Amino acid sequence: MNSIFSPVHTTQTRPFSERLIPRLKKAQSVVVLTGAGVSAESGISTFRDPDGLWADFKPEDLATPEAFRRNPKRVWEWYAWRREKIKTVRPNPGHFALAELEMFFPKFTLITQNVDGLHLLAGSKNVLELHGNIHRNKCFTCQNIYPEEVESKEIPPRCNCGGWLRPDLVWFGEMLPAGVLEKSYDLARDCEIFFSVGTSALVHPAASLPICAKERSAFLVEINPNQTEISHLADQVILGKSGEILPQLVSSLVPS
Ligand code: OAD
């Protein structure tokens, strides 16, 4: 039977069941999958919430190779706008708690769908970026990697090969970065505890990772203010914001 806990209203109330913390204290291998919800408390919009990016913009106009081919300037400028926003924000307590959590386990990997780089900024070390990183560019033609800032009079800027530059992230219909998905599946298959945090679990293959972990008998924990596609599979669903729940989770592991 899955247990669903209420959102936390005070710092005194810990939303964790008796089953989770003792298990976590003994665990050797932990994997955390994060999504846009983890950055929401930093002020970055999610995608599918009512105020998310996909409520105002169409992914097929902005986040596919076809869209870029059709209108490279428009796509470049949309990402330039997102980059400017991301530059103004800081990691939130959820990011910092995940960086701390890493130190408790011999094997810990943070797999993120986020492209904002905030986990690395918060100090997480073992991070797999499944959907790339908005702070890099790459050539649409030859795949050569470039930094975020590129001097150019043209929009989008051009690669030395003449191709257009684009942000180095994964668009709909594209393959995930070579090796990263395979490594993520291996980790999901082998871990004892898998956390799915701040993701709607709607976009595959990332959303297959918690399912794969659960099939291989990992203890599956979801942290999200709302139920998702995978809530029914989770051993524990903790309803709440990651910036509130994760710091409490870390505190629960510190010996008193
Ligand atoms: P979504 O926008 O689909 O889902 C965000 C999730 O975060 C929702 O389930 C919210 O309930 C939850 N959420 C909102 N605020 C939260 C908070 N403070 N704490 C915890 N959770 C919160 O975003 P993703 O699941 O990340 O792909 O979307 C997956 C992929 O779809 C993205 O990587 C992006 C997008 O299109 C590409 O760009 C390729």
Side-chain angles (χ1 to χ4, degrees), residues 4-5 7-8 15 32-68 75 78-79 81-83 86 89 91-98 110-119 122 127-136 138 166-177 180-181 184 195-211 221-234 236-249:
I4 298 192
F5 292 83
V8 187
V32 179
L33 171 71
T34 63
V38 170
S39 294
E41 287 155 272
S42 291
I44 299 183
S45 299
T46 63
F47 294 94
R48 294 175 186 79
D49 286 311
D51 57 353
L53 288 173
W54 297 152
D56 289 334
F57 302 99
K58 288 190 195 158
E60 58 271 31
D61 289 343
L62 297 160
T64 68
E66 293 74 27
F68 187 69
V75 172
W78 190 69
Y79 283 96
W81 166 71
R82 283 184 60 196
R83 282 171 164 161
I86 289 169
V89 307
N92 67 57
H95 294 107
F96 288 118
L98 286 170
L110 200 166
I111 303 172
T112 188
Q113 298 165 85
N114 299 345
V115 297
D116 54 33
L118 289 179
H119 286 304
V127 179
L128 294 178
E129 293 182 318
L130 270 185
H131 292 168
N133 189 308
I134 201 167
H135 300 300
R136 287 188 307 263
K138 73 176 174 191
R166 51 163 284 184
D168 184 14
L169 36 76
V170 178
W171 283 330
F172 289 101
E174 291 188 312
M175 303 289 285
L176 271 57
V180 175
L181 183 63
S184 301
F195 286 89
S196 179
V197 188
T199 175
S200 58
L202 285 168
V203 176
H204 289 266
S208 312
L209 294 169
I211 299 167
V221 184
E222 178 171 67
I223 300 174
N224 197 310
N226 303 301
Q227 300 237 20
T228 75
E229 286 297 289
I230 58 152
S231 301
H232 67 287
L233 291 176
Q236 301 242 309
V237 176
I238 303 170
L239 289 176
K241 295 181 174 181
S242 50
E244 294 173 5
I245 302 292
L246 288 167
Q248 294 181 62
L249 185 71

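In listed order, ligands and their atoms are each counted from 1. Quick note: numbers below take in every heavy atom, side chains included, and nothing from hydrogens, waters or symmetry partners. Small disclaimer: the values here were computed from a predicted structure and weren't measured.
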Looking only at heavy atoms, is any part of E41 under 4.0 Å from ligand 1, and if so is it the side chain, the backbone, or both, or is it neither?
side chain

Ligand 1 versus W171: contacting region, heavy-atom distance under 4.0 Å
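No part of W171 is near ligand 1 at this cut-off.
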
Check each of I223, L239, V115, T199 against atom 25 (O) of ligand 1 and report the one with the nearest heavy atom.
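Looking at heavy atoms only, T199 sits closest to atom 25 (O) of ligand 1.
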
Of the listed options (G198, A40, G173, G35), which comes nearest to atom 5 (C) of ligand 1 when hydrogens are ignored and any heavy atom counts?
G198

Starting from [atom], find the nearest protein heavy-atom neighbour and note its residue, name and distance.
{"atom": "atom 30 (C) of ligand 1", "value": "V203 CG2, 3.7 Å"}
{"atom": "atom 3 (O) of ligand 1", "value": "S200 OG, 2.6 Å"}
{"atom": "atom 28 (O) of ligand 1", "value": "R48 NH1, 3.1 Å"}
{"atom": "atom 34 (C) of ligand 1", "value": "F47 CE1, 3.5 Å"}
{"atom": "atom 38 (O) of ligand 1", "value": "V170 O, 4.1 Å"}
{"atom": "atom 29 (C) of ligand 1", "value": "Q113 OE1, 3.3 Å"}
{"atom": "atom 27 (O) of ligand 1", "value": "H131 ND1, 3.6 Å"}
{"atom": "atom 14 (C) of ligand 1", "value": "D49 OD2, 3.4 Å"}

Parallel, tilted or perpendicular for F172 and W54, by the 30°/60° rule?
tilted

Does the side chain of [Y] come within less than 4.5 Å of [X]'s, by heavy atoms?
{"X": "L110", "Y": "H95", "result": "no"}
{"X": "V38", "Y": "T112", "result": "no"}
{"X": "L239", "Y": "V237", "result": "yes"}
{"X": "L118", "Y": "I44", "result": "yes"}

Less than 4.0 angstrom from a charged side-chain N to a carboxylate O is my criterion; do E174 and K138 meet it?
no

Show the nearest heavy-atom pair for residues [X] and [Y], with the distance to one decimal.
{"X": "A201", "Y": "I230", "value": "CB-CG1, 3.8 Å"}
{"X": "N92", "Y": "S42", "value": "ND2-OG, 3.1 Å"}
{"X": "N224", "Y": "T199", "value": "ND2-O, 3.3 Å"}

Could you give all pairs that pass the side chain to side chain donor-acceptor pair (under 3.5 Å) test and reach residues 200-211, with sequence neighbours left out?
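Residue pairs passing side chain to side chain donor-acceptor pair (under 3.5 Å), neighbours aside: H204-S208.
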
Does even one non-hydrogen atom of P225 get within less than 4.0 Å of ligand 1?
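Heavy atoms of P225 do come under 4.0 Å of ligand 1.
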
Within less than 4.0 angstrom of ligand 1, does N224 place any heavy atom?
yes

If I apply the N/O under 3.5 Å rule, does K241 come out as touching ligand 1?
no

Has ligand 1 got any nitrogen or oxygen that is less than 3.5 angstrom from a nitrogen or oxygen of F172?
no

Of the options W171, F57, F68, which is the one that meets W78 in a ring-ring contact (aromatic ring centres under 6.0 Å, His included)?
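With W78 as partner, ring-ring contact (aromatic ring centres under 6.0 Å, His included) holds for just one option, F57.
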
Considering the heavy atoms of N226, write down every atom of ligand 1 situated less than 4.0 Å from one of them.
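So the atoms of ligand 1 that pass are 11 (O).
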
Hey, which atoms in ligand 1 end up nearer than 4.0 Å to a heavy atom of W54?
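Those qualifying, in numeric order: 35 (C), 36 (O).
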
